[in-house]
Amino acid sequence: MTRRHLHLAAATALAALTLGTGIAEAAGVLSIGRREDSTTFDPIATAQNIDFWVFSNVFDVLVRVDKTGTKLEPGLAESWEVSSDNLTYTFTLRDAKFSDGTPITAEDAKFSLTRIRDDELSLWSDSYKIIEDMQTPDDHTLVVKLTSPSAPFLSTLAMPGASIISKKAMEEMGEEAYAAKPVASGAFTVKDWARGDRVVLEKNPNFWQADRVKLDGVEWISIPDDNTRMLKVQAGEIDAAIFVPFSRVAQLKQDPDLEVHLEPSTREDALLINHEHGDLGKKEVRQALDLAIDKQAIIDTVTFGIGEVANSYIPKGALYYYADNLRRPYDPEKAKQLLESAGAGDLSFDYLVKAGDEVDEQIAVLLQQQLAKAGVTVNIQKIDASQQWDQLVDGNYDVAVGYWTNDILDPDQKTTFVLGDDTNMNYMTRYKAPDVAKLVAEARIEMDPAKREQMYVELQKQAKEDVNWVDLYYSPYINVSRKGVSNFYQNPLGRFFLEDTDKQ
């Protein structure tokens with residue numbers, strides 16, 4: 001299908017949008033409602049889906065994950081070779097340009113990978129320290145030498161944090177300016193970012209697959225309240241919305257103007273626990289909390305049967321998932337006894353909840369009631385959704401529900417981030433287990449699949465024993481779009497393929 005020639009109409013609609021009107025009627029511009037606003041466009045400085053899911057269409061990577069979310073395919077690297085000792089990777093870059101028209105070179109790729117490995121802003125450095133050296137014999141060749149063989153290395157290159165950025169533009173603009181309005185290597189450029197409101201993207205004519213892109217632009221609009229977001233898509237004020245509440249799925253399916261998408265995902269929701277706050281640092285206390293939470297009741301009451309009880313930090317269906325991992329039964333009496341024996345019989349803590357997030361609020365009330373049966377007092381603290389991440393990072397919380405979706409095919413990324421990485425405080429839980437962290441590092445370089453699988457089985461067992469967090473449930477991605485929007489699709493790793501989306 002050819003691209004629409006309606007630039008003037010789209011520009012007029014975008015101008016009207018800044019005055020507060022909707023743009024669902026704007027031909028060629030797709031408007032998507034989401035909860036939170038973006039936090040940055042610096043790929044290395046975030047671990048949030050609200051950023052990554054936009055990055056994926058603003059930046060390109062050397063190696064991509066395909067639409068099925070099950071295999072790797074060429075990105076900016078059109079091919080690669082691996083040495084027999086698995087220590088040297090030679091990538092051949094295709095002819096491609098940044099949005100400013102400058103060529104994307106091997107030096108840009110080296111610069112981007114060096115930043116994610118070494119820059120103090122990087123939240124992902126541990127996964128890339130295995131890179132010992134990089135050489136660029138010419139503009140189209142990147143040679144990467146590793147300190148040891150690495151099973152997940154190619155997969156890590158497909159992670160949005162490893163997006164390829166312009167060395168020249170970053171050095172001229174500075175990190176802060178680039179993080180606000182980057183030079184793009186992907187399908188769309190950042191035209192405007194109205195903080196707290198919306199990110200305005202427009203088609204990147206210099207993208208190496210520009211002929212594939214059908215939309216003139218995309219608007220990611222922050223609408224924190226779930227009910228308001230659903231009403232806007234029903235009214236035609238926006239074209240699509242993500243994070244559809246479980247409670248609205250059946251109703252939205254009945255609307256002839258809408259299409260509800262339940263896509264296979266790697267999403268897990270878990271109760272994050274700050275191990276540095278008082279009795280929450282005791283393993284027995286965390287085990288008691290696990291016993292005191294009725295996960296099936298959450299599935300039935302909150303997810304309307306759509307979710308599935310989680311028993312591991314590795315999601316069901318993902319590589320090395322251990323189906324037989326421990327599932328603690330719901331037993332508030334046993335939990336109460338365990339708390340008393342741990343000297344925490346009068347346990348009380350604050351529970352951070354995102355205001356306007358229907359599911360988050362429902363889970364909080366349910367857990368408050370369940371934990372009360374074990375003698376635990378839960379104080380619910382509602383905050384603006386955009387503030388929660390900063391409070392988690394700062395350690396200014398006791399417990400909060402967070403979710404994770406895998407960004408790469410290999411389990412190393414999530415395992416490193418939640419069990420073996422002090423840089424990000426193990427997904428802000430402050431979980432500390434040197435032996436576990438050591439095993440995480442060993443699993444990364446084990447090239448025998450059978451041995452490696454057994455290491456991840458052990459890691460899943462240990463995480464459950466220590467209760468790094470409380471596994472709650474797995475669920476699909478639930479999105480909605482208006483009829484007339486085609487190919488609005490999210491793969492299991494969360495990537496939206498907006499370069500293929502069209503709007504009638």
Side-chain angles (χ1 to χ4, degrees), residues 3 7 10-18 23 26 28-61 75-76 96-102 104 108 111-112 115-116 121 159-210 212-223 238-240 242 386 494-499 501 503:
R3 184 187 178 197
H7 301 289
T12 302
L14 288 172
L17 181 61
T18 63
I23 65 161
V29 179
L30 183 76
S31 54
I32 308 171
R34 57 176 178 167
R35 286 198 187 110
E36 303 100 330
D37 184 27
S38 294
T39 68
T40 181
F41 279 93
D42 187 341
I44 70 170
T46 182
Q48 299 196 70
N49 283 339
I50 56 170
D51 296 316
F52 277 0
W53 291 354
V54 178
F55 285 175
S56 296
N57 288 109
V58 171
F59 299 112
D60 205 351
V61 285
L76 287 172
K97 294 180 179 179
F98 287 109
S99 56
D100 63 0
T102 59
I104 298 174
D108 295 303
F111 175 76
S112 301
R115 287 190 77 242
I116 198 170
L121 291 176
M159 206 264 289
S163 294
I164 304 305
I165 63 174
S166 168
K167 177 182 178 181
K168 179 175 181 290
M170 172 66 84
E171 291 179 343
E172 289 180 353
M173 297 169 62
E175 290 179 328
E176 186 174 345
Y178 197 97
K181 196 168 185 179
V183 172
S185 55
F188 296 91
T189 64
V190 179
K191 181 178 182 179
D192 187 36
W193 180 11
R195 303 296 180 104
D197 181 20
R198 69 197 67 203
V199 170
V200 181
L201 307 179
E202 62 181 356
K203 180 178 176 178
N204 174 13
N206 288 314
F207 179 47
W208 68 273
Q209 289 182 307
R212 175 179 172 181
V213 182
K214 302 169 182 65
L215 294 168
D216 289 315
V218 178
E219 295 227 357
W220 288 94
I221 304 172
S222 178
I223 308 171
I238 55 177
D239 297 312
I242 64 175
S386 63
R495 189 188 191 282
F496 285 94
F497 285 77
L498 298 180
E499 63 267 53
T501 304
K503 176 186 170 185

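Keep in mind it's a predicted model, so treat the numbers as computed, not measured.
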Under the side chain to side chain contact (heavy atoms under 4.5 Å, CB included) criterion, do Val29 and Leu215 qualify, and how do the steps go?
CA-CA 6 Å; Val29 179; Leu215 294 168; over 6 Å; no
Any side-chain heavy-atom pair from [X] and [Y] closer than 4.5 angstrom?
| X | Y | result |
| --- | --- | --- |
| Asp60 | Phe207 | yes |
| Arg35 | Ile223 | no |
| Val218 | Asn57 | no |
| Leu201 | Thr189 | no |
| Tyr178 | Glu171 | no |
| Lys181 | Phe41 | no |
| Ile32 | Ile242 | yes |
| Ile164 | Phe111 | no |

With under 30° as parallel and over 60° as perpendicular, where do the rings of Phe52 and Phe55 fit, or are they tilted in between?
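Phe52 and Phe55: tilted rings.
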Say you draw a straight line from [atom1] of [X] to [atom2] of [Y]; how long is it, rounded to the nearest 0.5 Å?
| X | Y | atom1 | atom2 | value |
| --- | --- | --- | --- | --- |
| Ser56 | Glu499 | OG | CD | 9.0 Å |
| Ile238 | Arg198 | CD1 | CZ | 10.0 Å |
| Ser185 | Leu76 | OG | CG | 6.0 Å |
| Asn204 | Phe98 | CG | CZ | 10.5 Å |
| Lys168 | Thr102 | NZ | OG1 | 7.0 Å |
| Lys167 | Asp108 | NZ | CG | 8.0 Å |

With distance as the sole test, does Asp51 use its side chain to make a donor-acceptor pair with the main-chain N or O of Thr46 at under 3.5 Å?
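Side chain of Asp51 to backbone of Thr46, a donor-acceptor pair under 3.5 Å: no, none is there.
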So which heavy atom on [X] is nearest to which on [Y], and how close?
| X | Y | result |
| --- | --- | --- |
| Lys97 | Gly101 | CD-O, 3.6 Å |
| Trp193 | Asp37 | NE1-OD2, 3.1 Å |
| Glu202 | Lys191 | OE1-CD, 3.7 Å |
| Asn206 | Ser99 | ND2-O, 3.1 Å |
| Ser38 | Arg34 | OG-NH2, 2.8 Å |
| Pro43 | Ile165 | CG-CG2, 3.9 Å |

Dump the intermediate steps for side chain to side chain contact (heavy atoms under 4.5 Å, CB included) on Ile50 and Thr39, then the final yes or no.
CA-CA 8 Å; Ile50 56 170; Thr39 68; 4.0 Å; yes
Hey, is Asp42 close enough to Arg115 for a salt bridge, meaning N to O under 4.0 Å?
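A salt bridge links Asp42 with Arg115.
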Working note: Trp220 + Phe496, criterion ring-ring contact (aromatic ring centres under 6.0 Å, His included); need CA distance, chi angles, decisive distance, verdict.
CA-CA 12 Å; Trp220 288 94; Phe496 285 94; 5.6 Å; yes
Using the side chain to side chain donor-acceptor pair (under 3.5 Å) rule, take Ser31 and Asp239 through it: C-alpha gap first, then chi angles, then the decisive distance, then the call.
CA-CA 5 Å; Ser31 54; Asp239 297 312; 3.1 Å; yes
Passes side chain to side chain contact (heavy atoms under 4.5 Å, CB included), Glu175 versus Leu121? Steps please.
CA-CA 10 Å; Glu175 290 179 328; Leu121 291 176; 3.3 Å; yes
